[in-house]
Amino acid sequence: MTEPILDVRGVTKSFGALVASNDINIDLKPGEIHALIGPNGAGKSTLIGQIAGGLPPDAGSVHFDGKDVTSLSTAARARAGMGRTFQISSLAMEYTVLQNVVLGALGHRGDVFRFFRPVMKDKDLLARADHALEQVGLEEFRGFRTSELSHGQRRQLEVAVALTLEPKAFLMDEPMAGLGAEGTHRLMGFLGGLKEQAPILLVEHDMDAVFALADRISVLVYGEIIATGSVDEIRANPDVRVAYLGEEEEA
Amino acid sequence: MSIVLLLEQTLNGLQFGVMLFLMAAGLTLIFGVMGLINLAHGSLYMIGAFAAAGTAAATGSFMLALAASLAAAALAGVIVEVLIIRRLYDRDHLDQVLATFALILIFSEGTRWVFGSFPLFLDRPAWLAGTVALPFGIEYPLYRLAIIIVGLAVAAGLFLMISKTRIGIQIRAGENDREMIGALGVNISRLYTLVFALGAALAGFSGALIGALQSVQVGMGEPVLILAFVVIVIGGIGSIKGAFVGAILVGMTDKLGGFLLPKMFGLIMEPAAATSVGSALASMSIYILMAGVLLFRPRGLFGGAGA
Amino acid sequence: MKRETVLNLALLALLLGYPLWAWSVDEPFLITLTTRAVIFAIAGVGLNFALGFGGLVSFGHAAFFGIGGYAMGVLAFHAQSYSPMMEWPFLIEGTKSMPVIWLVAIVVSGIVALGLGALSLRTTGVYFIMITLAFAQMFYFFAISWPAYGGEDGLSIYVRNSFPGLNTMDPIQFFAICYVILLLVLLFVWAAARSRFGLMLNAARQNEDRVQAVGQGPYRLYLVAFTVSGAITGLAGALFADLNRFVSPTMFSWQTSGEIMVFVILGGVGRVFGPVAGAMLFILLEHVLGGVSDYWHIYLGAILLGVVLFARGGLYGLIAGREVAHD
């Protein structure tokens, strides 16, 4: 039994009377895509926030790469190897595509407090950035301002930046959201290959993508994980059908 | 050290605090509801004072002067809000700071152009002159006592308005979620103009009251504005209660600090040095208080998440 | 060449050529006027480092301007009155040597900026603006109430401080000193803007979450930017005090903070040379409009309002268009 790279134990978070996360246990093993699904309002973003940092849980702990990161900042967790993409694209909008990716490579390399050499001429950073752009297929858009990119392209850019961090695990919050059929298809193929590099905790709504890609699925409803298992197990699980899939089929 | 003097300074601190509250309440309302930082608030204070001085000189009536201060400041507030401020609600804080700083320049120089550089005088009314005998043998100026009473009354009125009236509900809702109340049919632009005018009136009123205590001159508003900012930082942006607590704290710290610190240093130093060290430290005391609050509560004592 | 670069060089040329012309026709007042613009430009470049690149709206940069000014004032005062600053435990005498004064101004204002920044940067948004304003005001009141160095009346330094090998009382020579300092400061800021630090700082201004997601903490970036910014503005303060041979609490006033902001905005926030354009424009307005009317601040206010509402990018935005990415 391999050690999970990410181990979330007993994480609980309330906002006043609303229990957004109720004693959540979830883990991510090397080489897998673990999808986290659930209806809107189930608390997926709250959970991601507690894993990636910035939202301290009321109880429970988050372990990453063997270390307890519960009290670490978002930046520290990123340095520890968490590669996160945001549900709503969070990029430096004034920068070009290349600048955003170089930013990631720079953050990872860590030599930020240097004042004299021009960063956009740094061969090592440019090489890493270009490599990431090639992997997601954005190399032609290198010089474009991020604000000029389409929604789908910004998602690709987010993934590219995450790649430059050489993360030990990816936390992807609805990367397919807003992509058309072709974009979704391309991203699916990409993610399938990506898990070799590092496992992915994938929060997603797109059920076709989830069933095609996931090695394991966890279902989050009203702040609780009601089931965890393989694609077939989850498909057959009656509670899941009622709480989630059942509603979808009616809709 | 005389107890009488100490108590007098405490009352002075209360009086100062109450006036600061009037300034700070307007500022914190405007920020809480509209998300706007308004540097021109000091100008509205000044306009109120000038309106009062001019009216008192023309009519001899202090009450009319106070009414004029409210009206003039509110009117100036409405004009400025409609012409300029409303273009700033969607802008970032830098733009708001610069634009309202520009307004300070225009108002200050404009006032200087109309009224000249020399201070005007606004006399306390005869029926508020003299002192009143208080417990412990204190002879306290009636006018200052009146300010405390009026200020507390206005504070109470403000609290009641915010918590009990329809406008108050709209204001509180607006502080939480601007888009929502628009969707619920509240006329946002009228609400904003109203809140701005209310803040302006409060500022102008306190300008008039203090103008009779000190003098009325160009630039009188900005030092008070900055102190009001300190009050808000200490109290928490958007909170009227915070503004009140912060204002009293600042008022007390300033007056009592100014009184006690030179005396305390006088215990260990010779008088001349004690006075200079003491008063220098006293002048910094408010800011030290602010820094202290920030260390433990970066959002102020009663501040929420909305900055 | 990019339009922005052309404008940069044109401004530098104008800034050098005009006083040289004034020197040739023996108009020392105009040389001094240009020196004022150069010093204001340095102050603005300092503020722009934190404001334009870091997005830190500091309305209290007069604090550093004043500290630099008083660093000069205090040191020169003790030198000119032949009284040491401190006798025990170390003997510290005053000095009238410019390089020493500049070093002290830079170090002291940098340290104060570090301290104020460490405290103020714990807050965000409007709190930060108010706090920086308040701290500058604290220095203002302190300077007024500390009698040893003139208090409200300020401090006069009878003779301009000295620089090895030059006659600093000669307007054109003092101008040259300030101009060279401006060039050095611009060179540093220009390099920093394109550097690794600059990339991360500008990213933090645009999107703090993004910076955290790549493993960096915005607070440290801001603190460094604020400290450097304060040090540069402090240096400008020392030069300003030297220009006027006078330092007073007004250097700490909120009006001064506002003016430094005006230099940055008029030229274009975030452009390296923006404050140079802004300072030159300000001096031009002060000289021309001020000659017409005593109340020229009304026009300055109107222009500033116009720029904020309609020409947000300042002079550089109007002439050089949108900033070209460093690709």
Side-chain angles (χ1 to χ4, degrees), chain B residues 27 31 35-37 39 84 87-88 91-110 112-113 117 219 222-223 225-230 232-233 236-237 272 275-288 290-291 294-295 298-300 303 306-307, chain C residues 51-52 55-57 59-60 115-116 119-131 133-148 151 253-255 257-259 261-262 264-266 269 293-310 312:
Chain B
L27 274 175
F31 190 81
L36 178 95
I37 174 169
L39 292 188
I84 292 164
R87 295 167 203 265
L88 299 173
R91 301 288 209 105
D92 62 24
H93 293 317
L94 175 62
D95 287 351
Q96 292 174 356
V97 162
L98 291 167
T100 51
F101 175 71
L103 286 176
I104 297 179
L105 293 176
I106 295 174
F107 277 128
S108 290
E109 288 301 288
R112 205 161 67 89
W113 185 43
S117 300
E222 278 67 52
L225 172 76
I226 297 177
L227 282 178
F229 280 155
V230 174
I232 293 177
V233 166
I237 291 184
T275 320
S276 58
V277 172
S279 50
L281 216 54
S283 67
M284 292 171 58
S285 59
I286 296 175
Y287 307 99
I288 297 174
M290 179 184 77
L294 282 176
L295 272 175
R299 295 209 174 273
Chain C
L51 174 63
L56 305 174
V57 185
F59 210 86
L116 291 184
L119 197 54
S120 313
L121 287 168
R122 293 161 58 86
T123 67
T124 54
V126 186
Y127 285 102
F128 180 76
I129 302 173
M130 295 185 190
I131 287 159
L133 184 50
F135 277 132
Q137 194 76 337
M138 175 182 83
F139 281 99
Y140 176 71
F141 283 122
F142 183 77
I144 287 181
S145 58
W146 191 255
S253 68
W254 61 269
Q255 291 97 325
S257 283
E259 274 177 15
M261 273 219 166
V262 169
V264 176
I265 285 358
L266 284 183
V269 193
S293 160
D294 242 351
Y295 306 104
W296 72 281
H297 270 129
I298 297 183
Y299 304 113
L300 178 65
I303 291 173
L304 179 60
L305 202 52
V307 168
V308 173
L309 290 177
F310 307 115
R312 212 1 193 86

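Order of the sequence lines sets the chain letters (A, B, ...), proteins ahead of strands, with each chain counted from 1. What you see below is based on every heavy atom in this structure, not just the backbone, and it leaves out hydrogens, waters and symmetry mates.
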Where does [X] contact chain C at under 4.5 Å (heavy atoms): side chain, backbone, both or neither?
| X | value |
| --- | --- |
| B:Met290 | side chain |
| B:Val233 | both |
| B:Leu88 | side chain |
| B:Leu39 | side chain |
| B:Ile226 | side chain |

- Message: I'd like to know whether CZ of C:Phe142 has more than 12 heavy-atom contacts from other residues, nucleotides or ligands below 6.0 angstrom.
- Response: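 Count over threshold, so yes.
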
Which bit of [X] comes within less than 4.5 Å of chain B, counting heavy atoms only: side chain, backbone, both or neither?
| X | result |
| --- | --- |
| C:Val307 | neither |
| C:Ile129 | side chain |
| C:Val57 | side chain |
| C:Leu51 | side chain |
| C:Ile131 | both |

For residues [X] and [Y], report the shortest heavy-atom separation together with the two atoms involved.
| X | Y | result |
| --- | --- | --- |
| B:Phe101 | C:Glu259 | CZ-N, 4.2 Å |
| B:Ser283 | C:Ser145 | OG-OG, 3.5 Å |
| B:Ala291 | C:Leu119 | CB-CD2, 3.4 Å |
| C:Ile298 | B:Ile106 | O-CG1, 3.7 Å |
| B:Ala99 | C:Val308 | CB-CG1, 4.1 Å |
| B:Ala102 | C:Leu305 | CB-N, 3.9 Å |

- Item | Partner chain C: residue of B:Asp95, B:Thr100, B:Ile37 with the largest heavy-atom pair count (under 4.5 Å) | B:Asp95

- Heavy-atom pairs under 4.5 Å with chain C, option from B:Leu295, B:Val97, B:Val230 with the top count: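 The answer is B:Leu295.
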
- Check the pair B:Glu109 / C:Trp296 against side chain to side chain contact (heavy atoms under 4.5 Å, CB included), numbers first and verdict last. CA-CA 8 Å; B:Glu109 288 301 288; C:Trp296 72 281; over 6 Å; no

Drop me the distance from [X]'s [atom1] to [Y]'s [atom2], to the nearest 0.5 angstrom.
| X | Y | atom1 | atom2 | answer |
| --- | --- | --- | --- | --- |
| C:Leu300 | B:Leu105 | CG | CG | 5.5 Å |
| C:Phe310 | B:Arg87 | CZ | CZ | 5.0 Å |
| C:Met138 | B:Ile288 | CE | CD1 | 7.0 Å |
| B:Leu98 | C:Leu309 | CG | CG | 10.5 Å |

- Can C:Met261 and B:Leu94 be said to form a side chain to side chain contact (heavy atoms under 4.5 Å, CB included), step by step? CA-CA 10 Å; C:Met261 273 219 166; B:Leu94 175 62; 4.2 Å; yes

- Item | Contact check, side chains of C:Met130 and B:Ile237, non-hydrogen atoms, under 4.5 Å |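 Yes, at least one pair of side-chain atoms sits under 4.5 Å.
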
- Task: May I ask you to test the B:Ile104-C:Gln255 pair for a side-chain heavy-atom distance under 4.5 Å?
- Result: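 The answer is no, as the side chains (C-beta and beyond) never meet within the 4.5 Å cut-off.
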
- Item | Top contributor to chain B interface from C:Ile303, C:Leu116, C:Ile265, C:Asp294 [non-hydrogen pairs under 4.5 Å] |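 It is C:Ile265.
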
- Sidechain-backbone polar pair: C:Tyr127 side chain, B:Arg299 backbone, donor-acceptor under 3.5 Å: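 Present.
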
- Take the angle between the ring planes of B:Tyr287 and C:Phe141 and call it parallel below 30°, perpendicular above 60°, tilted in between. parallel

- Task: Carefully, step by step, assess C:Arg312 and B:Arg91 under the rule side chain to side chain contact (heavy atoms under 4.5 Å, CB included).
- Result: CA-CA 11 Å; C:Arg312 212 1 193 86; B:Arg91 301 288 209 105; 4.1 Å; yes

